Amino acid sequence: MTGRGIRADEDAEDLDVEEVLALVNDHNGHHTPGGHVPTSAPPSPGPHNPDRHHKATHWPEAREIAARAARTAARAAHRAPVSVALDAALGLTLAAPLTALTDLPSFDTSAMDGWAVAGPGPWDVRDEGVLAGHGEPEPLTDGEAVRIATGARIPPDTTAVLRSEHGRTDSKDRLHATREIEPGQDIRPRGQECRNGDQLLATGTLVTPAVLGLAAAAGYDTVTAVPRPRVEVLVLGDELLTEGLPRDGLIRDALGPMLPPWLRALGAEVTAVRRLGDDAKALHKALTRSDADLIVTTGGTAAGPVDHVHPTLERIGAELLVDGVKVRPGHPMLLARTKENQHLVGLPGNPLAAVSGLLTLAEPLLRTLAARPAPESYTLPLKEAAHGHPYDTRLIPVVLRGDHAVPLHYHGPAMLRGMAAADAVAVVPPGGARAGQETELLDLPWASAGIEVCFT
């Protein structure tokens with residue numbers, strides 16, 4: 001994900017989270033990935049709706065509903081911006097402009113190792129040099145030079161800095177320039193990058209490593225940012241093992257290890273990961289006691305005998321916003337409003353289907369709550385044909401090779417082998433996509449890791 005500065009007034013004060021969201025949304029134009037705008041209401045709620053598949057929400061509409069729900073929750077929660085130490089601010093969104101607290105540089109400095117010289121040469125060289133981190137040196141007089149290190153303060157009355165490779169000394173230890181130098185050469189003057197009070201970055205900017213470096217250089221120990229959305233993960237299912245090999249009808253839990261770091265990559269603070277099994281009472285207790293901004297459940301979203309998510313949501317009076325999505329894998333995902341400022345994303349239990357739910361519902365909701373800029377949608381031609389569902393969108397992991405996207409094998413609902421090697425996910429429209437067809441792609445957080453693994 002890339003961050004872009006959002007326009008703000010030069011004299012902007014700290015904004016509350018709702019105002020930051022408004023700035024980001026204005027910049028993004030409420031953009032829905034895929035370019036679709038919902039034209040119908042969410043499907044009818046009800047855990048035992050026999051027509052749930054037919055009333056499922058189209059994939060792009062589901063993503064827009066999730067983003068809209070987050071905007072509503074942010075208004076209801078009235079979350080205030082927080083002051084965050086630089087070492088904890090990566091990935092947050094600025095809730096106030098970053099304004100220079102000093103001139104940069106704050107004094108005239110040398111841009112190169114060499115000599116500070118005064119007047120025309122040749123020059124007599126002082127015995128002691130000037131190093132970075134020391135106080136202001138003595139002024140130079142015409143015909144005088146002093147050894148100087150990169151970043152050191154320029155002595156008063158210096159004409160220029162002569163680079164080490166452009167000077168030589170004669171038998172009398174007099175310094176000569178081997179090429180012509182200009183006044184001010186290789187001197188970084190005070191305030192060259194900014195002046196005290198200049199706005200460096202606007203409200204709504206994503207905090208990247210470079211932003212952290214700039215903030216530190218400008219004199220900041222903390223930044224004012226939108227707080228991370230708090231997420232609680234509830235892992236459901238009696239069949240899950242937390243260690244060892246599958247045995248006796250039990251399988252390893254893949255989602256418990258995968259979801260927390262993925263959610264953190266989406267800007268969330270994961271406050272708890274709870275394993276509840278197939279226990280309706282435990283699920284009810286966990287939902288009613290949670291104070292997270294978002295609850296993420298795994299499994300239990302269908303209509304089987306131990307699928308307790310729908311009945312429990314009905315019991316607590318939750319509002320179903322999305323009850324099934326026309327996407328493969330992951331059709332039985334859901335989004336519910338459990339409190340005025342709290343939502344639940346119900347992920348299917350199959351691992352790749354759960355990833356589909358993350359990309360469809362959790363990503364736009366968390367991105368909006370965190371006031372992150374929406375990623376620009378983009379397309380690439382497919383290297384080979386991708387089979388689609390007759391009526392539903394299909395999400396297929398791909399690797400990027402040159403100017404093409406290569407669909408990966410092993411993309412069944414229960415498989416993670418393809419996703420583990422993927423750079424992105426292709427959004428394959430109903431009916432499939434032919435080789436060479438431009439297809440929308442969703443980047444994954446590790447897309448730039450450079451891991452050359454391919455299971456095509």
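Count residues from 1 along the sequence. All of these numbers come straight from a predicted model, not from anything done at the bench.
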Review point. Looking only at heavy atoms, which two atoms of Ala318 and Ala336 are closest? And how far apart?
Key: CB-CB, 4.4 Å
Exercise for review: Using atom types as modelled and distance alone, determine if a side-chain donor or acceptor of Asp423 lies under 3.5 Å from a backbone N or O of Leu400.
Suggested key: yes
Exercise for review: Kindly check if the number of other-residue, nucleotide or ligand heavy atoms within 6.0 Å of NZ (Lys383) is above 12?
Suggested key: no
Review point. So do Val207 and Thr205 actually touch side chain to side chain, heavy atoms under 4.5 Å?
Key: no
Review point. Would you find a donor on one side and an acceptor on the other, under 3.5 Å apart, between the side chain of Gln185 and the backbone of Glu182?
Key: yes
Revision key, fill the gap. Rounded to the nearest 0.5 Å, the OG1 atom of Thr271 sits from the CG atom of Asp291 at a distance of 7.0 Å
Review point. Going by an N to O cut-off under 4.0 Å, is there a salt bridge joining Arg264 and Glu269?
Key: no
Point to revise | Leu321 and Leu335: CA distance, side-chain angles, deciding distance, side-chain contact (heavy atoms from CB on, under 4.5 Å) verdict | key: CA-CA 6 Å; Leu321 303 178; Leu335 171 65; 4.1 Å; yes
Exercise for review: Evaluate the side-chain proximity of Leu236 to Val309: yes if any heavy-atom separation is below 4.5 Å, no if none is.
Suggested key: yes
Check your understanding: Short question: side chain of Thr72, backbone of Arg68 - any donor-acceptor pair under 3.5 Å?
Key -> yes
Exercise for review: Please report the closest heavy-atom contact between Thr109 and Ile154, naming both atoms and the distance.
Suggested key: C-CG1, 3.6 Å
Exercise for review: Locate the shortest heavy-atom distance separating Leu365 from Ala70; write the atom from each residue and the value.
Suggested key: O-CB, 3.3 Å
Practice item. For the residue pair Ser83 and Thr224, confirm or rule out a side-chain donor-acceptor distance under 3.5 Å. Key: no
Revision key, fill the gap. On a heavy-atom basis, the closest approach of Gly267 and Pro229 is O-CD, 3.3 Å
Exercise for review: Would you give the length of the straight line joining atom CD1 of Ile396 to atom OG of Ser356, rounded to the nearest 0.5 angstrom?
Suggested key: 11.5 Å
Point to revise | Close side-chain approach of Thr360 to Met333, heavy-atom, < 4.5 Å | key: yes
Exercise for review: Give a yes or no answer on whether the side chain of Arg434 reaches the backbone of Leu382 with a donor-acceptor pair at less than 3.5 Å.
Suggested key: no
**Study point:** Donor-acceptor pair, side chain of Thr301 and main chain of Pro332, under 3.5 angstrom
**Key:** yes
Review point. Do the non-hydrogen side-chain atoms of Met419 and Leu352 ever get within less than 4.5 Å of each other?
Key: yes
Practice item. Determine whether more than 12 heavy atoms belonging to other residues, nucleotides or ligands lie under 6.0 Å from atom CZ of Arg274. Key: no
Check your understanding: What pair of heavy atoms forms the shortest contact from Pro364 to Ala66, and how long is it?
Key -> CG-CB, 3.9 Å
Review point. Is the side chain of Asp198 donor-acceptor paired with the backbone N or O of Leu200 at a distance under 3.5 Å, no angle test?
Key: no
Revision key, fill the gap. Separation between CD (Glu193) and CZ (Arg188), nearest 0.5 Å, reads 6.0 Å
**Study point:** salt bridge (charged side-chain N to carboxylate O under 4.0 Å, His left out): pairs with one or both residues in residues 90-108, sequence neighbours excluded
**Key:** Asp103-Arg190, Asp103-Arg195
Check your understanding: Between Thr57 and Val325, is there a donor-acceptor pair closer than 3.5 Å when you use the side chain of the first and the backbone of the second?
Key -> no
Review point. Given the rule in the side-chain contact (heavy atoms from CB on, under 4.5 Å) test, do Val427 and Leu442 qualify, once you have shown the distances and angles that lead to the verdict?
Key: CA-CA 7 Å; Val427 182; Leu442 303 177; 3.9 Å; yes
Check your understanding: Is there a side-chain contact (heavy atoms from CB on, under 4.5 Å) between Leu206 and Val211 once you walk through the steps?
Key -> CA-CA 8 Å; Leu206 186 69; Val211 169; over 6 Å; no
Check your understanding: How long is the span from the CD atom in Gln199 to the OG1 atom in Thr203, to the nearest 0.5 Å?
Key -> 7.0 Å
Practice item. Identify whether the distance between the nearest side-chain nitrogen and carboxylate oxygen of Asp293 and Arg228 falls below 4.0 Å. Key: no
Review point. Any chance the side chains of Asp113 and Thr150 put a donor and an acceptor closer than 3.5 Å?
Key: yes
Review point. Passes side-chain contact (heavy atoms from CB on, under 4.5 Å), Val296 versus Leu234? Steps please.
Key: CA-CA 6 Å; Val296 176; Leu234 306 180; over 6 Å; no
Point to revise | Min side-chain heavy-atom separation Trp262-Val270 under 4.5 Å | key: no
Show me, pair by pair, the donor-acceptor contacts under 3.5 angstrom made by side chains of residues 340-347, not counting sequence neighbours?
unit_1, atom_1, unit_2, atom_2, d
Gln342, OE1, Thr338, OG1, 2.7
Gln342, NE2, Ser290, O, 3.0
Gln342, NE2, Ala292, O, 2.9

Revision key, fill the gap. To the nearest 0.5 Å, atom CG of Leu266 lies from atom CG of Leu358 at 7.0 Å
Practice item. Side-chain contact test, heavy atoms from C-beta onward, threshold under 4.5 Å: evaluate it for Tyr220 versus Thr99 and give yes or no. Key: yes
Check your understanding: Counting distance only, does the side-chain N/O of Asn350 pair as donor-acceptor with the main-chain N or O of Ala353 below 3.5 Å?
Key -> no
Review point. Between the side chains of Asp392 and His58, is a donor N or O closer than 3.5 angstrom to an acceptor N or O?
Key: no
Check your understanding: Could you state the interatomic distance from CZ (Arg394) to NE2 (His389), rounded to the nearest 0.5 Å?
Key -> 7.0 Å
Point to revise | Distance-minimising heavy-atom pair for Leu416 and Val355 | key: CD2-CG2, 4.2 Å
Exercise for review: For Arg71 and Glu64, run salt bridge (charged side-chain N to carboxylate O under 4.0 Å, His left out): C-alpha distance rounded to whole Å, both residues' side-chain angles, the deciding distance at 0.1 Å, then the answer.
Suggested key: CA-CA 11 Å; Arg71 290 192 288 271; Glu64 173 55 29; 3.0 Å; yes
Exercise for review: Answer yes when Glu384 and Arg401 have at least one side-chain N-carboxylate O distance shorter than 4.0 Å, and no when they do not.
Suggested key: no
Point to revise | Donor-acceptor pair, side chain of Arg252 and main chain of Gly244, under 3.5 angstrom | key: yes
Point to revise | salt bridge (charged side-chain N to carboxylate O under 4.0 Å, His left out) assessment of Arg63 paired with Glu363 | key: CA-CA 8 Å; Arg63 286 170 59 79; Glu363 188 277 333; 3.4 Å; yes
Exercise for review: Flag the pair Leu395 / Trp59 as yes when at least one side-chain heavy-atom distance between them is below 4.5 Å, and no otherwise.
Suggested key: yes
Review point. So do Ser110 and Ile187 actually touch side chain to side chain, heavy atoms under 4.5 Å?
Key: no
